[in-house]
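Here is the structure we will look at.
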Amino acid sequence: MDQIARSPKQIGAALRRRRRALGLTQAQVAKDTSIRQATVSSAEAGEPMQLTTLFDLLTALDLEIVLRPRSKGATNVSDVF
C-alpha cells in the first residue's frame with residue numbers, strides 16, 4: 001500500500017512500520033546497511049539524517065521514493081513542519 005509522508009516524523013514512522021512488517025529488528029537493518037543501530041533508531045524517530053542514510057534504509061527495507069505534485073491535503077508549509 002502506498003504511504004504519503006510529508007515530514008521527517010512520517011518518514012520515520014513509515015520506515016518503522018515496514019521494518020516491523022518484514023519482521024526485522026533495528027539491529028538486523030543496521031547490520032545489513034552498515035549503519036549503527038542508534039542511527040536506525042534516530043531515523044525511525046524522525047531525526048535529521050543524510051540522504052545517503054535514507055536511501056540505504058530504503059534499499060534495506062525494499063522501499064522507494066516517488067515524487068509527485070502535492071495533493072490538496074496540506075497546502076500550508078506550517079502543516080508540513
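Numbering of residues begins at 1 and proceeds along the displayed sequence.
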Working for side chain to side chain donor-acceptor pair (under 3.5 Å), residues Ser71 and Arg6: CA-CA 11 Å; Ser71 64; Arg6 293 187 169 128; 2.5 Å; yes

From [atom1] ([X]) to [atom2] ([Y]), nearest 0.5 Å:
X: Leu54; Y: Met49; atom1: CG; atom2: CE; value: 5.0 Å
X: Thr25; Y: Arg19; atom1: OG1; atom2: CZ; value: 7.0 Å
X: Arg18; Y: Asp62; atom1: CZ; atom2: CG; value: 5.5 Å

Could you go through Arg16 and Gln26, starting from their C-alpha distance and side-chain angles, then the distance that decides it, and tell me whether this counts as side-chain contact (heavy atoms from CB on, under 4.5 Å)? CA-CA 9 Å; Arg16 182 183 312 106; Gln26 288 180 348; 5.8 Å; no

Any non-hydrogen side-chain atom of Gln28 less than 4.5 Å from a side-chain atom of Val40? no

Side-chain heavy atoms of Leu15 within contact of Leu58, under 4.5 Å: yes

We want to know whether Gln3 and Arg17 form a side-chain donor-acceptor pair, criterion being a heavy-atom distance below 3.5 angstrom. yes

[Y] reachable from [X] in the ILVMFWY side-chain graph, under 4.5 Å edges:
X: Leu22; Y: Ile35; result: yes
X: Val66; Y: Ile11; result: no
X: Phe55; Y: Leu24; result: yes

Here the pair of heavy atoms bringing Ile4 nearest to Arg68 is CD1-NH2, 3.1 Å

